[in-house]
Amino acid sequence: MQFPSYRPRRLRANATIRRMVRETAVSPSDFIYPLFVKPGKGLKDEIKSMPGQYQLSLDMLPAEIDELKALGIPAVILFGLPSSKDEVGSEAYDEHGIVQEAIRAIKAHDPEFYVITDVCMCEYTSHGHCGILDDRGCVINDVTLELLAKEAVTHAEAGADMVAPSDMMDGRVAAIRAALDAEGFSDIPIMAYSVKYASGYYGPFRDAVGSAANLGKSSKDTYQLDFANSDEAIRECALDVAEGCDMLMVKPGLPYLDILARVKDEFKMPVAVYQVSGEFAMLKAAHANGWLDYKKCLLETL
C-alpha cells in the first residue's frame, strides 16, 4: 500500500488508538528493584549520586517491601554494605552477613516476596575488586570461584529465591550450580551477569556500595568485557548456558541495545537487562537541570 491509500498517521490520531496498537508494553511486573542494605537501625541514607535511592538498615526493609508490592513490583535484588571489609571479602560468605540477614528479614515479613541476591565480592573486599588478589593485584580466578560458590550457598540457606553472580570470573556459573546442587538447592535458579562490560556507567553504584574509594584508580578490565567487543559477549553467554544458568543478563542496558538484541535472538532464553546507576543518574541530573522530562525519557528508555 502507498500514500494516499495508506496513511500511517490514522493510527496515531489520539492517545486511545496509540495505546491500542502499541507493540511493546512495560509493566511493573517486568521489574526487579535494587535494594542497598547496611548495618544499623532506623537508617535511610540517600545516595547522593542516585537521587531518590537509599541505603537501608534491616528494620526499614518491611516498609520498603510493602511499598514495592503495592506498586506491583514482584522482586528485589540485594546489595550489601558490610560492617567491615577485608582482603578476602569474608562478610560476603558469612552466614550472618548483611545480605544474608536482609534475606531473612524480608522473608520473615513476607515469605512470598521474591528475593534475588547479587553474588560478588566487590562490596566486601578492602580493595574493591570482585575476588581475591595476587601479589600483582590481579584477581585469582579459581580461588575466587570457591568463595563465590560459598556465598551463593549462604544466600540460598538464608532463603533467597534466586542468585545472580556478577563477578565475571571464568567458570563461576558451573561452580555455583555444583555447590547449590550439592547442598540440596537444585531448584534455586541462576541469573548470570553474562554480558557485563567494563563500563564507565557504574560510578554511582560504587558510591552506593562504598567500593569507589577502595578501588581507587585500578580498573576491572582484566575480567569485565571490553566494550568494543560484540562476538565475545555471545561467547560469554554460550559458556554460561552450557554451565547451567537459567537467565542471561546484559549490563549496562542503553549503550548495548545491539548486544541485547543479539543475545535474545541467539539464545531464546529469559534475558534481563540492567539499567545501571550511571544511566539512572544521567536522567536524574538532566531533569534537575531542566533539560528533559525524566518520566517520559525513563519510559522511552525502558
Side-chain angles (χ1 to χ4, degrees), residues 23-27 30-34 49-50 53 75 77 79 116 118-120 122 128-130 139 162-173 189-209 211-212 215 218-243 245-287 292 294-302:
E23 297 171 24
T24 304
V26 178
S27 76
D30 295 316
F31 299 141
I32 300 167
Y33 193 80
S49 54
M50 296 170 64
Q53 301 301 307
I77 184 166
F79 300 91
I116 306 168
D118 178 75
V119 177
C120 196
C122 63
H129 279 282
C130 298
V139 176
M162 177 186 286
V163 295
S166 63
D167 55 284
M168 288 303 289
M169 296 298 110
D170 295 338
R172 87 265 202 224
V173 171
I190 298 173
M191 177 170 64
Y193 287 63
S194 301
V195 184
K196 184 178 180 180
Y197 282 99
S199 172
Y201 288 90
Y202 302 147
F205 172 85
R206 290 171 183 162
D207 288 338
V209 298
S211 64
L215 192 61
S218 61
S219 74
K220 301 188 177 185
D221 293 351
T222 62
Y223 46 100
Q224 293 178 355
L225 277 167
D226 185 335
F227 55 71
N229 292 352
S230 175
D231 290 342
E232 185 180 15
I234 302 304
R235 293 197 297 272
E236 283 280 8
C237 289
L239 287 168
D240 286 351
V241 170
E243 290 176 22
C245 77
D246 301 279
M247 295 177 65
L248 300 165
M249 185 193 291
V250 175
K251 181 182 180 182
L254 194 59
Y256 299 101
L257 296 180
D258 57 328
I259 308 300
L260 181 61
R262 284 193 66 184
V263 168
K264 187 64 177 181
D265 288 344
E266 180 81 19
F267 296 99
K268 312 300 182 186
M269 288 181 66
V271 179
V273 56
Y274 207 130
Q275 186 192 52
V276 301
S277 58
E279 298 175 73
F280 172 81
M282 287 194 303
L283 290 176
K284 284 287 189 177
H287 177 74
L292 52 75
Y294 171 74
K295 184 176 181 180
K296 184 174 182 179
C297 288
L298 177 64
L299 290 173
E300 182 179 343
T301 300
L302 297 173

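Note that the structure is a prediction, hence the values are computed from the model and not measured. Heavy atoms only: backbone and side chains are in, while hydrogens, waters and symmetry mates are out.
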- Atom pair NE2 (H287) and NZ (K296), whose distance is rounded to the nearest 0.5 Å: 14.0 Å

- Residue pair V241 / F267, side-chain heavy-atom distance below 4.5 Å: yes

- Message: side chain to side chain contact (heavy atoms under 4.5 Å, CB included), that's the test. Do R172 and Y193 meet it? Break it down for me.
- Response: CA-CA 10 Å; R172 87 265 202 224; Y193 287 63; 4.0 Å; yes

- Task: Keeping the roles fixed (side chain from D246, backbone from I190), state whether a donor-acceptor pair exists under 3.5 Å.
- Result: yes

- Query: So is K196 actually on top of Y274's ring, under 6.0 Å and inside 45° of the axis?
  - Reply: no

- Rounded distance [0.5 Å steps], SG in C122 versus CG in D167: 9.0 Å

- Message: To the nearest 0.5 Å, what is the distance between OG on S219 and NE2 on H129?
- Response: 7.0 Å

- Query: Taking C-beta and beyond as the side chain, do D30 and S27 meet within less than 4.5 Å on heavy atoms?
  - Reply: yes

- Note on the structure: Of all heavy-atom pairs linking I32 and M191, the shortest is CD1-CE, 4.2 Å

- Query: Measuring from S194:OG to I259:CD1, what's the distance to the nearest 0.5 Å?
  - Reply: 13.0 Å

- Item | Exercise: identify the closest heavy-atom pair between V119 and V163 | CG2-CB, 3.8 Å

- Can V271 and L260 be said to form a side chain to side chain contact (heavy atoms under 4.5 Å, CB included), step by step? CA-CA 8 Å; V271 179; L260 181 61; 3.7 Å; yes

- Would you mind checking if D231 and R262 are paired as a salt bridge, meaning a charged N to carboxylate O distance below 4.0 Å? yes

- Query: Hey, what do you get for CE (M282) to OG (S277), rounding to the nearest 0.5 Å?
  - Reply: 10.0 Å

- Query: Taking it one step at a time, do V26 and L299 satisfy side chain to side chain contact (heavy atoms under 4.5 Å, CB included)?
  - Reply: CA-CA 8 Å; V26 178; L299 290 173; 5.6 Å; no

- Item | Name of the residue among L248, V273, D258 meeting side-chain contact (heavy atoms from CB on, under 4.5 Å) with V263 | L248

- Task: Decide yes or no for L302 and F31: does some side-chain heavy atom of the first lie under 4.5 Å from some side-chain heavy atom of the second?
- Result: yes

- Query: Atom CG in L283, atom CD in E300: separation rounded to 0.5 Å?
  - Reply: 10.0 Å

- Query: Of the non-hydrogen atoms in C130 and K220, which two are nearest, and what is the gap between them?
  - Reply: SG-NZ, 3.4 Å

- Item | Closest heavy-atom pair and its distance - A233, Y197 | CB-OH, 3.6 Å

- Query: With a 4.5 Å heavy-atom cut-off, do V139 and T222 have their side chains touching?
  - Reply: no

- Item | OH/Y201: more than 12 non-hydrogen atoms of other groups inside 6.0 Å | no

- Task: Identify the two heavy atoms, one from M50 and one from P204, that lie closest to each other, and give their separation to 0.1 Å.
- Result: CG-CB, 3.6 Å

- Task: Would you please test L298 and Q275 for side chain to side chain contact (heavy atoms under 4.5 Å, CB included) and show each step?
- Result: CA-CA 10 Å; L298 177 64; Q275 186 192 52; 3.7 Å; yes

- Message: So which atom in M162 and which in M247 form the shortest heavy-atom distance, rounded to 0.1 Å?
- Response: CE-SD, 3.6 Å

- Message: For P252, is there any backbone N or O sitting under 3.5 Å from a side-chain donor or acceptor partner on E279?
- Response: no

